[in-house]
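Worksheet for the structure shown next.
From a predicted model like this one, the values you see are computed outputs, not experimental measurements.
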Amino acid sequence: MPAHTTHDAARDEAVAPLLRGIAVLGRLTGADGGTLSLSALERTTGLARSTVDRLTATLARMGYVRLDGRDVALAPRLMELGNAYLAALRLPALLSARADGLADELDESVSLAVGDRDGIRFIHQATRRRAMSLSFRIGDLLPAERTAPGPLFAAEWTASDWHRWRERRAADPGDHSFPAVPPREPGAPGEDFARRAAKAAADGWALDDQLIEPGLVAVSVPVRDPGTGRVACVASVVSHTSRHTAPDLRAALLPRLRAAVAAMEDDLRAAPAPEPGPPPAGLALWTGASKQELGREFVESLARGLTVLTAFGEGRSALTLTQVAQATGLARATARRALLTHARAGLVAPATGHTFTLTPRVLSLGFPPLSRTSLPEIAQPHLTALAERVHESASLAVLSDSGEEIQYTARASAARVLSARVTVGTRLPARATALGRVLLALPEVRARGYALVDEELEAGLRAIAVPVRDRTGRVVAALNVALHAARRTADDCVAQILPELRHTADLVETELRVAGRFCRVAVV
């Protein structure tokens, strides 16, 4: 389908609730901490409060946001949309190890970026932990002209691309539509971006000498697609002027960056064709059942529209309308309207052979703020819900580096006069606690799948704990419920508390698997 035909059809057949839901997710993505009040969403989207309530209720049912009183917060499950794009792209899976290795070798931050219209968007970050550290996140969008990768992408722009860039610069001279970078200083001299793009094309590399903000420097080299020769992504080494000046960065680090890029291109050439993974199953049935249960409060067209994005993935980077309908279980007409709506929103683009592909803009749906999610942040709402259900305190803990202590990283207290009271950061001997015995993977605990400690740490204190595993199956943390021994016997803990603990661990692990697919999730 020609691009202009797709654009016209998208304008005429767009699903309004889906566009409104995308707008809500966009506002939350740009908000501090990914959280806004319902009234703020009403104000910033211009939607009626009843509409905002229905949209957020639907997103909450999908697990994409959490409702906490009058506040709405992005939830890690939303990252499955960005994961679909990154999996279909394949570049993070194929190249991230090389980027991480280069960062370790140089002791500098290394990023991978793709072009997104007249901007660049990060798809991988290997950052150094130091006082002066980068704040860019996977999914962040930057104006091409203020970056080192930008000229390398612009070297391949068409006349219409340059026209769109000039229109954007004229409409937004302060770069206020790019929240990931500081606004452009008033009266800052304009650079000849076209000249920089031509030079980058001739040199095969580009430099950012404090274009984003004072002190930040970067050098970039394109990673080219072995099949087309076009820029697939751009690898950059980023530092600050107290460590490297821009000329020094070029002289000292550019050769090693080029060597790493050559190895990346070898990896792309050697990569076997992807095996299509299983598409999501039962989505149409789930949305239908949710509509039956919740009635008017569930916006089925929004839920079905967003599930269309999850039809894409590794080995499924370009799909026909029929393939999308089959993968999601939706009627072709429903899938078509959703695809056209996503095309209007810039999330989907037509490709060859009557197929559609996801665009980097899918990462704008919550991915940047969620890409820095930690395990305690993932676990906290689930711990709170657990404590409310069992009326006892619940905790998350990890093993210390020494292996001799546990450290509490998240807590939810029960509303009782007498309850187990420890604070986040508290350390206790690992072998004397149920949490510690789970983390130490003692043979008996491995066999049973849980640990129960009965008045060993302190008289009257009884606790039961289960493991939390990451995507690889490795135990990274433990969850427990602690209570006074007078309230439940050990058998009662196993019969009544253990199922609730395991259910909570399943919820945490599900979100951890989604969040950790392309991002590092800190455990503390």
Side-chain angles (χ1 to χ4, degrees), residues 76 100 103-104 107 126-131 133 371-384 386-387 392-414 419-484 493 497-498 501-502 504-513 515-516 519-524:
D100 294 345
D104 290 339
D107 193 27
T127 55
R128 301 293 88 188
R129 291 184 177 272
R130 51 173 64 108
S133 184
S371 68
R372 296 279 178 86
T373 297
S374 68
L375 180 54
E377 290 170 326
I378 291 173
Q380 188 61 59
H382 300 297
L383 285 176
T384 301
L386 172 63
E392 302 289 357
S393 297
S395 302
L396 177 80
V398 298
L399 201 61
S400 67
D401 292 338
S402 69
E404 296 179 355
E405 295 178 311
I406 61 162
Q407 178 181 348
Y408 287 84
T409 57
R411 285 273 298 160
S413 298
S419 64
R421 297 200 182 276
V422 294
T423 58
V424 170
T426 295
R427 292 184 175 227
L428 294 174
R431 292 188 180 275
T433 64
L435 290 162
R437 292 181 186 181
V438 165
L439 292 167
L440 292 170
L442 303 172
E444 182 183 358
V445 173
R446 280 204 305 271
R448 292 192 307 184
Y450 69 93
L452 190 146
V453 169
D454 194 3
E455 301 189 78
E456 295 180 39
L457 181 66
E458 181 179 319
L461 181 64
R462 185 170 287 148
I464 186 169
V466 297
V468 174
R469 293 180 170 86
D470 65 11
R471 290 181 58 82
T472 68
R474 182 173 63 97
V475 175
V476 294
L479 289 170
N480 89 334
V481 167
L483 61 146
H484 192 277
C493 288
I497 303 295
L498 182 58
L501 260 179
R502 283 178 166 159
T504 302
D506 287 343
L507 295 175
V508 173
E509 288 175 347
T510 296
E511 293 194 351
L512 181 58
R513 283 193 294 271
C519 301
R520 294 183 181 88
V521 178
V523 297
V524 294

Using 0.5 Å steps for rounding, measure from the [atom1] atom of [X] to the [atom2] atom of [Y].
X      : Y      : atom1 : atom2 : answer
Asn480 : Ile406 : CG    : CD1   : 7.5 Å
Arg446 : Arg437 : CZ    : CZ    : 15.0 Å
Leu435 : Leu428 : CG    : CG    : 9.0 Å
Leu452 : Glu444 : CG    : CD    : 10.0 Å
Leu498 : Ile464 : CG    : CD1   : 4.5 Å
Thr127 : Arg372 : OG1   : CZ    : 6.0 Å

Show, in sequence, the C-alpha distance, side-chain angles and deciding distance for Arg520 and Asp100, and conclude whether the side chain to side chain contact (heavy atoms under 4.5 Å, CB included) test is met. CA-CA 12 Å; Arg520 294 183 181 88; Asp100 294 345; 2.6 Å; yes

By the definition side chain to side chain contact (heavy atoms under 4.5 Å, CB included), identify the one residue from Asp470, Val476, Thr409 that meets it with Leu375. Val476

Side chain proximity check, [X] to [Y], heavy atoms < 4.5 angstrom:
X      : Y      : answer
Val453 : Thr433 : no
Val508 : Leu396 : no
Val398 : Val524 : yes
Val445 : Pro467 : no
Arg474 : Thr472 : yes

Suppose we screen for salt bridge (charged side-chain N to carboxylate O under 4.0 Å, His left out). Which residues come up paired with Arg469, at least two apart in sequence or across chains? none

Minimum heavy-atom separation for [X] to [Y], with atom names?
X      : Y      : answer
Ala515 : Pro76  : CB-CB, 4.4 Å
Ala412 : Gln380 : CB-NE2, 4.2 Å
Pro376 : Ala522 : CD-O, 3.9 Å
Val438 : Ala478 : CG1-CB, 3.8 Å
Ala463 : Ala434 : O-CB, 3.7 Å
Val466 : Gly449 : CG1-O, 4.1 Å

Exceeds 12 heavy-atom contacts within 6.0 angstrom, atom CZ of Arg502: yes

Are the side chain of Gln407 and the backbone of Thr426 linked by a donor-acceptor contact shorter than 3.5 Å? no

Are the side chain of Arg411 and the backbone of Thr423 linked by a donor-acceptor contact shorter than 3.5 Å? no

Given side chain to side chain contact (heavy atoms under 4.5 Å, CB included), test Cys493 with Leu483 step by step and report yes or no. CA-CA 9 Å; Cys493 288; Leu483 61 146; 3.9 Å; yes

Do any pairs count as a salt bridge (Lys or Arg N to Asp or Glu O under 4.0 Å) and have a residue in residues 504-513, sequence neighbours left out, and if so which ones? Arg66-Glu511

